[in-house]
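Presented below is the structure to which this report refers.
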Amino acid sequence: MIKKVDHIGIAVKNLEEAIKIWEGLGLKTDEVEEVPDQKVRTAIIHVGESRIELLEPTAEDSPIAKFIAKRGEGIHHIALGVENLEEHLIKLKEAGYRLIDEKPRRGAGGAKIAFVHPKAVTGVLLELCERKTE
Ligand code: ZN
């Protein structure tokens, strides 16, 4: 049911500068997308089958802005690709995992996403992510 590490989310202050840095490594990024639900602008970097998701806050109360204020730029979350997100969330809740999102919401690229609290997962903010086509 868990398919793979779908992507790693990285909090950045300036998306255009971050894109330049990552493209300097020889990688390609998709078009920048705004995700109003999470108050971020994102750029997806393709690395073979995996992705890196750069996240720039668009508001001071964005979770990414708070993260950067507290800890600086860096790895923000790890996302696992799953097949049936709703079902996963019910199972995790039953198993006692502390969820940030009990219902899926909309992420970049039209994916359904939900976050599990870092205190529940060895200090890692975990995103579960379901994509339609793969
Ligand atoms: Zn993500």
Side-chain angles (χ1 to χ4, degrees):
M1 288 260 286
I2 294 177
K3 296 190 287 187
K4 62 176 180 181
V5 174
D6 185 272
H7 64 269
I8 293 167
I10 297 178
V12 302
K13 288 180 189 161
N14 182 306
L15 194 56
E16 277 64 34
E17 278 181 20
I19 288 170
K20 252 189 250 163
I21 290 165
W22 283 86
E23 288 196 336
L25 298 171
L27 298 165
K28 286 267 171 291
T29 50
D30 276 353
E31 268 175 51
V32 170
E33 183 186 349
E34 187 156 351
V35 186
D37 189 45
Q38 293 179 77
K39 297 179 182 168
V40 292
R41 292 199 309 139
T42 72
I44 303 293
I45 304 169
H46 294 275
V47 192
E49 274 210 357
S50 303
R51 301 177 177 88
I52 291 167
E53 178 182 72
L54 302 176
L55 302 150
E56 178 201 68
T58 55
E60 271 177 34
D61 62 343
S62 160
I64 297 298
K66 288 178 195 161
F67 177 89
I68 291 172
K70 219 167 139 185
R71 300 165 66 169
E73 293 183 305
I75 293 180
H76 176 257
H77 65 270
I78 292 177
L80 298 177
V82 301
E83 259 163 32
N84 188 331
L85 181 54
E86 278 91 349
E87 213 174 280
H88 259 283
L89 291 174
I90 290 166
K91 273 191 193 163
L92 289 179
K93 204 188 168 189
E94 279 173 0
Y97 285 85
R98 182 167 156 200
L99 304 177
I100 293 174
D101 303 304
E102 296 198 358
K103 294 260 157 62
R105 48 190 175 136
R106 197 197 161 282
K112 288 198 283 183
I113 65 166
F115 285 97
V116 184
H117 200 281
K119 288 215 167 100
V121 199
T122 61
V124 175
L125 176 60
L126 190 68
E127 175 187 328
L128 301 176
C129 163
E130 181 183 343
R131 295 180 193 277
K132 278 187 196 118
T133 50
E134 202 123 46

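Positions are given from 1, in the same order as the sequence printed here. We count ligands from 1, going down the list as the structure has it; atoms in each ligand are counted the same way.
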Do the side chains of Leu128 and Ile90 join up, straight or via other hydrophobic residues, at under 4.5 Å, putting them in one cluster?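 Cluster IDs for Leu128 and Ile90 differ.
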Output all residues satisfying side-chain hydrogen bond (donor to acceptor under 3.5 Å, both in side chains) with Glu86, sequence neighbours left out; order by chain, then residue number.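 Counting only residues at least two positions away or on another chain, Glu86 forms a side-chain hydrogen bond (donor to acceptor under 3.5 Å, both in side chains) with Lys112.
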For Thr29, the option from His46, Glu23, Lys20 that meets side-chain hydrogen bond (donor to acceptor under 3.5 Å, both in side chains):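 The passing option is Glu23.
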Begin with the C-alpha distance, continue with both residues' side-chain angles, and end with the deciding distance and a verdict on salt bridge (charged side-chain N to carboxylate O under 4.0 Å, His left out) for Arg106 and Asp37. CA-CA 7 Å; Arg106 197 197 161 282; Asp37 189 45; over 6 Å; no
Presence of salt bridge, Arg51 and Asp6, under 4.0 angstrom: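 Answer for the salt bridge query: yes.
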Distance filter under 2.8 Å, centred on the Zn ion (ligand 1) - protein N, O or S atoms that pass it: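 Listed by chain and number, the atoms are His7 NE2, Glu53 OE1, His77 NE2, Glu127 OE1.
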Walk me through it: do Lys3 and Glu49 pass the test salt bridge (charged side-chain N to carboxylate O under 4.0 Å, His left out)? CA-CA 12 Å; Lys3 296 190 287 187; Glu49 274 210 357; over 6 Å; no
